Amino acid sequence: MSVPQKRKHIRTADFRHGAKLHKGANGSHYHPHKKPRYVDLSDDDLPQSRKKPEMNGTTSHHKMVNGHTLKNAKSKHERNGQASPSVNGISAGEGSTTKKPNSSANTQLQEQRRQLPIAKGMCREALVEEIKKNDVTVLLGETGSGKTTQVPQYLLESDIAGTGTIAVTQPRRVAATSLAARVSKEQATPLGTRVGYAVRFDEKYTLQTRIKYMTDGMIVRELMSDPLLLKYSVIVVDEAHERTLRTDLLLANLKTIQRKRNAAEDAKGKGKADKLNPLKIVVMSATLDAEKFSRFFHNAKIIYVKGRQHPVTIYHSAESQIDYVDAAMRTFFQIHIDQPPGDVLIFLPGQEDIESLQKSLSFFTTHLPTTNPSVLILPMYASQSPTSNAKVFDPTPPNTRKCILATNIAETSITIPGVKYVIDTGKCKEKQYLARDSGGGFDTLLTRDITKSSAMQRAGRAGREVRLSSPLIPFSLLIKHDTQRAKAENINLISHLPVYSALKTLWLLGAIDKDQKLTPLGRQMALFPVEPHLSRSILASSPTTSSSSSSSSVPPTSSQGCTKELLTITSVISSSSKLFLDISTSTSTSSSSSTASARIKFKHPSGDHLTILNTVRAYDDISSQGSKHERKEWCKKHCVNERALTEAKKIREQLVDVCRKLGLDPELSCGENEGPVLASLGYGLVGNSAFLQPDGSYKQTMGHSIIKIHPGSTMMNEKVPAIIYDELVYTNQIYARGVSAIGKNFFVKHPALSQRQA
DNA sequence: ACAATGGGT
């Protein structure tokens, strides 16, 4: 089989997410000119050696010695398993610690556990031994090795965890919940007892829970109330290679926490320190990034675990696919008509593509001869309800082929039973920051090609894969191209720009001071689980706090409190789904007018923010009087998305809790006098402001870009001297979304802006 | 003159 060559991308996100902005748990802070104390985890120092193994990365049959441990990853070639024979065969290690099966289903489950690569040979013993010996262990496990489900159980079944909880962090919600369900079954205990999970708005665990799967964002939140994470005796950071800001932040904090806790343990005998339980850290990664994590933790031991149980056959499309949705559809039918039973998983970049493919698939499947099995199409993406996402795990009905259309939500750590074929469009979406200096100054969400490790992860979801990306681009050419680009744009500068920009925003909001130290205001802001500009707006709505904490960069406070209103508006803005729905079925002209009329009904002359407030107030009126049915009808009639409102309500409850903790009155209301609402929003959105230009467009106050008001805004046809907006979206032009008119005077008074204009 | 949204709290 030929070795497919895959494009190596410069990932802007890696620069943005570089490990440089981290604040240590001890309050240390970022200095742009200082080198970080710890080894840089970002890709800036990407060694040449990494590229070479990657070329072999997609070969389907990795041969790796089971349980083979290497200190500090010195011999990289061994990882490609050149010709090392596998030493399977000795199925030791399952004797004494295995639970007694209590049913035939459980017997089967335990047999499956024993068949996992990680359970074979001496792997389990070696693993437990190493983790016992070392404070930090880096585990490089290939897809399908079983590390995510088994390692926590091994830790539990040995005495490593003591009486504490084992936390296993995941980058995705569905992964955390479905893993907990799976491992619960393997432990033969009800979900939420011995094995549980915690994701936002949904948790199932008790104080007795020993293994807790959770999203990394969740544990980062817990860090604020429990800075040493004393609840946990072992923290397993899974999918560490995903490298988001959160995982980097978590790893940086864990290093500090471990130093404190384990030092206290050493000093215990001398009676110096309080009794702190020591912390074990296990970092699990599916890619060769393991070396970086090892270096970060003072050359922690790296353990390699062999991968998948069944070889994956990868088919590439013969040529580059431009219309990848169409290509995915044609590939699906090739599989459906020619191939034996087995469910299909299709990876697509976003909701829009998923919906469009769903439409065409369901159209064509109804026209198939009845001799074919029927097709059950199941979409899966984060902004869909958890219940709908959970449907993909249901068993496939008889004489049916399940076809799952997923974003990268399904990329890691989930196993969908029955999936035998994966069709990968090779695309994903990612937020990228477009630096001010290159005409931007805002985030973009663009479709791009996936990375090599993503491709491997996706392939790992099944036994067979059809990949629609083109393998024809010569690898060497791309490296050259990337180097040129890096040179042209001055890579070092680029890597720092977003950081500077983020710091500037925080400074503008008063969250950090000139030395980049978190201010008391910033500390309060961080407690709210919303974007900084929104938490700043909430705090501005309470007269007492903003006057007491106001620094020189903050204008005088509004006289009247309006926290109640701000909580409503910011929770709706934070919701992941849109408040107003467009019914874009067949009648395009009439539907757009009906959406418009729905908005006009609640439209507030000042713009979208108070329109949101009007809508929620109207909805609350209806729900307090009417039945559930009437409420639904009302939403339908006014093109209001009830899911956005229910999600906003849950977010609002969280925000209310934070307010109470801070001693703010969440009921503080300005009633019908809505002036203070916009004034408060202005505090947070000061960087998101623009002035009217003679030609009717707007120009950023804090950037050079010309922007237009988004056609979905109530302000679309209005010409006002100045606006604030929630965000910019970049499509053919730069559009401002969530727009309100604001008095020009507010900004003239703002020191940060007047300074700039002077 | 025309609307593009991955993942996480």
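This is a predicted model, so every value here is computed, not measured.
Between the C1' atom of B:dG8 and the CZ atom of A:R200 lies a distance of 9 Å, rounded to the nearest Å. For the pair A:D353 CG and B:dG6 P, the computed distance is 9 Å after rounding to whole Å. Across the protein-nucleic acid pair, A:F347 atom CZ and B:dG6 atom P stand 15 Å apart, rounded to whole Å. In this structure, A:L250 places its CG atom 21 Å from P of B:dG7, rounding to the nearest Å. Rounded to whole Å, the distance from CD on A:Q384 to P on B:dG8 is 13 Å. Rounded to an integer number of Å, the gap from A:Q733 CD to B:dA4 P is 11 Å. As rounded to whole Å, 15 Å separates atom C1' of B:dG8 from atom CG of A:D202. Taking atom CE of residue A:M525 and atom C1' of nucleotide B:dT9, one finds them 15 Å apart after rounding to whole Å.
Across B:dG7, B:dT9, B:dC2, the shortest atom-to-atom separation from the side chain of A:R221 is found for B:dT9. Comparing B:dG8, B:dG6, B:dC2 by their nearest atom to the side chain of A:T407 picks out B:dG6. Closest approach to the A:H710 side chain among B:dG8, B:dA3, B:dT9 is made by B:dA3 (side chain taken as heavy atoms from C-beta onward). Minimum atom distance to the side chain of A:Q351 is reached by B:dG6, of the listed B:dC2, B:dG6, B:dT9. Nearest to the side-chain atoms of A:M716 among the listed nucleotides B:dA1, B:dG7, B:dT9 stands B:dA1.
A residue-by-residue look at A:R737 and A:D216 shows that A:R737 has its nearest nucleotide of DNA chain B further toward the 5' end. Along DNA chain B, the nucleotide nearest A:G217 and the nucleotide nearest A:N408 are compared for position; the residue whose nucleotide lies closer to the 5' end is A:N408.
A side-chain donor-acceptor contact under 3.5 Å links A:S576 and A:E647. In this model, no donor atom of one side chain and acceptor atom of the other lie less than 3.5 Å apart for A:D608 and A:Y725. When only modelled atom types and interatomic distance are considered, A:Q700 and A:S705 share a side-chain donor-acceptor pair under 3.5 Å. Between A:S740 and A:H609, the side chains place a donor N or O and an acceptor N or O closer than 3.5 Å (distance only, hydrogens not considered).
Side-chain nitrogen and oxygen atoms of A:T215 include at least one within less than 4.0 Å of the OP1 or OP2 phosphate oxygen of B:dT9. For B:dG6, neither phosphate oxygen OP1 nor OP2 lies less than 4.0 angstrom from any side-chain nitrogen or oxygen of A:Y381.
A:F528 comes within contact range of no nucleotide atom at all, as no heavy-atom separation falls under 4.0 Å. A:F201 comes within contact range of no nucleotide atom at all, as no heavy-atom separation falls under 4.0 Å.
Note on ring orientation: taking the six-membered ring where Trp is involved, the planes of A:F602 and A:H638 are tilted (angle from 30° to 60°).
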